[in-house]
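Structure record follows, encoded as structure tokens.
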Amino acid sequence: VTEFLQHLVNGTSVGTIYALIALGYTMVYGVLKLINFAHGDVYMVGAFVGFYLANAMGVEENPTIGKAVVIFVGSMMICGALGVLIERFAYRPLRQRPRLTSLITAIGVSLLLEFGFQLPSIPHLGIPFPPGPTPRFFPEIFTRVDWEPGGVHISNYDIVSFLLAVGLMIALQYVVYRTKFGTSMRAVSFDAQVAGLMGVNVNRVIAYTFALGSSLAAAAALLFAGSRPRIDPLMGLNLGVKAFVAAVFGGIGNVPGAMVGGLALGLAEEYVSGYMMSSYRDGIAFALLIVVLLVRPAGLFGTFRPEKV
Amino acid sequence: VRALRLVAQSLLPFIAGLAVLWMFSKGLSGSWAIVLMVAGINIILAVSLNVVNGFTGQFSIGHAGFMAVGAYTAAKITTALRFVQIAGISSDASDQVFFLLALVAGMVAAALAGLLVGAPSLRLRGDYLAIVTLGFNEIIRVIIENTPFLGQATGISGLPRLTNFVWVGMGVIATVVMAKRLAESTHGRALLAIREDEIAAEAMGVDTTSYKVRAFVIASAFAGLAGGLLVHLIQLCTPRSFTFIKSFEVVVMVVLGGMGSVTGSILAALVLSLALEGLREVQEFRMVMYALLLIVLMLTRPTGIFGTREIWDILPKWGRRRGQDVAGGSP
């Protein structure tokens with residue numbers, strides 16, 4: 001039972017991270033019908049921005065709540081801006097072209113971030129930017145406290161991360177279903193052309209969607225860095241694919257679906273690798289993706305809409 | 001008579017090629033030969049990927065994964081049969097027979113992997129294939145690194161040096177003949193129709209999923225061939241040779257040369273492989289340049305350098321002979 005509970009804790013904490021990233025995929029897919037390949041790398045940038053901010057403020061020696069908040073908000077804002085920039089310069093000029101074109105550009109942006117960050121650092125900059133290919137270690141934002149109630153290992157990082165992630169998701173749910181922006185976002189997702197005719201500023205909605213998704217990715221990166229402090233420029237690759245699987249599992253384009261999908265994937269990975277084959281942990285997401293595509297390509301909550309001419 | 005002509009058309013390049021390659025392999029040696037062989041393997045990769053990404057308009061970014069499947073299958077067979085010799089022929093000749101066997105087995109294994117990956121993802125729209133193949137590429141690496149039978153992260157070393165100029169050349173010819181013959185067949189026409197407008201193609205009675213899967217399986221098989229050739233050239237089979245970086249290299253070749261242009265892919269593969277040799281010092285900037293190249297190319301000239309045309313469509317003298325019907329299409 002202890003082992004089962006431990007896996008539950010670990011799976012939930014990883015699953016909420018997947019869910020946060022999956023939300024970015026699903027929202028962008030909703031409004032643009034594009035798999036934003038660069039999303040996993042925005043997540044990576046978020047981790048590094050947090051890393052630089054934390055080092056600049058000397059968090060390691062003297063952690064305070066105020067600094068943690070600054071790191072969090074700063075990283076989310078910078079990543080949000082990055083998302084908007086990517087959309088503005090890489091995707092918007094191609095919106096009227098065949099979708100394959102934007103897909104290739106998205107892959108290009110992803111590669112640019114991955115390998116741009118692996119370049120040797122620019123000298124005389126004060127901070128090691130770009131960070132280069134060697135992994136760095138994220139400093140502890142606040143002091144770690146571990147508990148073991150009934151043999152289950154749990155730390156304050158797990159709890160904070162879970163609460164923050166759930167809080168962000170509730171906030172997002174509110175934004176998408178209760179605000180004017182959310183309504184226009186859903187309208188654009190349903191039919192961008194008609195939404196435009198009805199007076200929705202489609203460009204602005206898409207830009208905000210990117211900002212929202214990218215800042216969630218940055219938040220996920222910081223929460224994840226608490227339990228897995230190793231960060232490197234390629235960290236977004238695997239996690240991006242996994243979060244995408246979570247989004248597809250829940251039904252891509254569907255906001256609550258992404259949350260459930262992320263949680264389900266996190267738990268599935270944890271239980272399968274815990275009880276059966278630990279070394280193939282990274283393969284589980286892929287197997288799940290194949291099964292979902294075969295059995296229910298629209299995902300758990302998605303409705304299959306046939307393409308029209 | 002027509003069938004006879006077609007057979008001749010398909011076989012002629014091989015026979016002519018064999019003679020030319022034989023002469024070349026006598027004259028060439030040293031590092032240049034290796035560079036050229038690597039370039040040839042890249043041509044096989046680029047042209048076969050073009051069948052999926054260019055002809056069919058789908059987007060696979062995990063070609064190296066299928067390379068790995070073919071490479072490990074072939075490597076396992078040649079190492080297992082190292083000390084076996086067919087009675088009655090010299091040990092060299094027997095090795096070559098086994099190598100052919102290993103390469104074919106690698107192609108079959110890669111084709112099966114292609115079926116496994118393609119069948120579920122190609123039922124849906126093109127972008128699913130992209131992320132599934134990317135995932136597959138990573139999964140293959142994870143599986144290899146966790147399987148002692150495949151040598152884990154260190155891989156299989158000490159492979160016999162069986163790949164030579166003739167093998168690579170024949171592989172290139174086979175791939176190019178396959179691509180050209182495919183493009184001119186009913187099957188190829190169906191693929192082009194899918195690329196131009198999938199819904200219209202389906203309405204016209206093209207079984208889109210089945211054609212897409214078949215194209216993907218063919219491309220995967222040739223990726224397996226390239227993998228088998230590569231590991232018997234560098235005599236080492238490790239998961240590091242087949243990371244997603246290798247896949248992206250191939251994608252860049254196809255996109256740069258022009259999606260749908262066989263000669264464009266050949267040219268891009270040659271130029272990029274040779275350029276890589278010259279740019280060894282700036283290795284770390286290579287992928288960044290590729291990335292910028294992809295983005296800039298898509299923003300300014302999304303069809304690649306040749307688009308769907310072949311070189312002879314551009315040369316004015318003999319131009320306008322063929323391919324014009326292919327070049328047109330929806331905007």
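Just so it is clear: chains get the letters A, B, ... in the order the sequence lines come, proteins before strands, and each one is counted from 1.
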Can you see which heavy atom on [X] is nearest to which on [Y], and at what distance?
| X | Y | value |
| --- | --- | --- |
| Phe37(A) | Ala130(B) | CZ-CB, 3.8 Å |
| Ala291(B) | Gly108(A) | CB-O, 3.5 Å |
| Met298(B) | Arg97(A) | O-NH1, 3.4 Å |

To the nearest 0.5 Å, what is the distance between [atom1] ([X]) and [atom2] ([Y])?
| X | Y | atom1 | atom2 | result |
| --- | --- | --- | --- | --- |
| Gln58(B) | Leu103(A) | CD | CG | 10.5 Å |
| Ile131(B) | Tyr25(A) | CD1 | OH | 5.0 Å |
| Ile290(A) | Ile139(B) | CD1 | CD1 | 10.0 Å |
| Leu299(B) | Ile104(A) | CG | CD1 | 11.5 Å |
| Phe115(A) | Leu292(B) | CZ | CG | 12.5 Å |

For [X], is it the side chain, the backbone, both or neither that has a heavy atom under 4.5 Å from a heavy atom of chain B?
| X | value |
| --- | --- |
| Phe89(A) | backbone |
| Leu112(A) | both |
| Val291(A) | neither |
| Pro120(A) | side chain |
| Leu113(A) | neither |

Can you tell which part of [X] gets under 4.5 Å to a heavy atom of chain A, answering side chain, backbone, both or neither?
| X | value |
| --- | --- |
| Met289(B) | neither |
| Tyr290(B) | neither |
| Leu293(B) | neither |
| Val288(B) | both |

Side chain proximity check, [X] to [Y], heavy atoms < 4.5 angstrom:
| X | Y | result |
| --- | --- | --- |
| Leu237(A) | Glu138(B) | yes |
| Ile107(A) | Ile61(B) | yes |
| Thr105(A) | Leu294(B) | no |
| Leu234(A) | Phe244(B) | yes |

Practice task
Please check if atom CZ in Arg240(B) has more than 12 non-hydrogen atoms from other residues, nucleotides or ligands closer than 6.0 Å.
Solution key: no
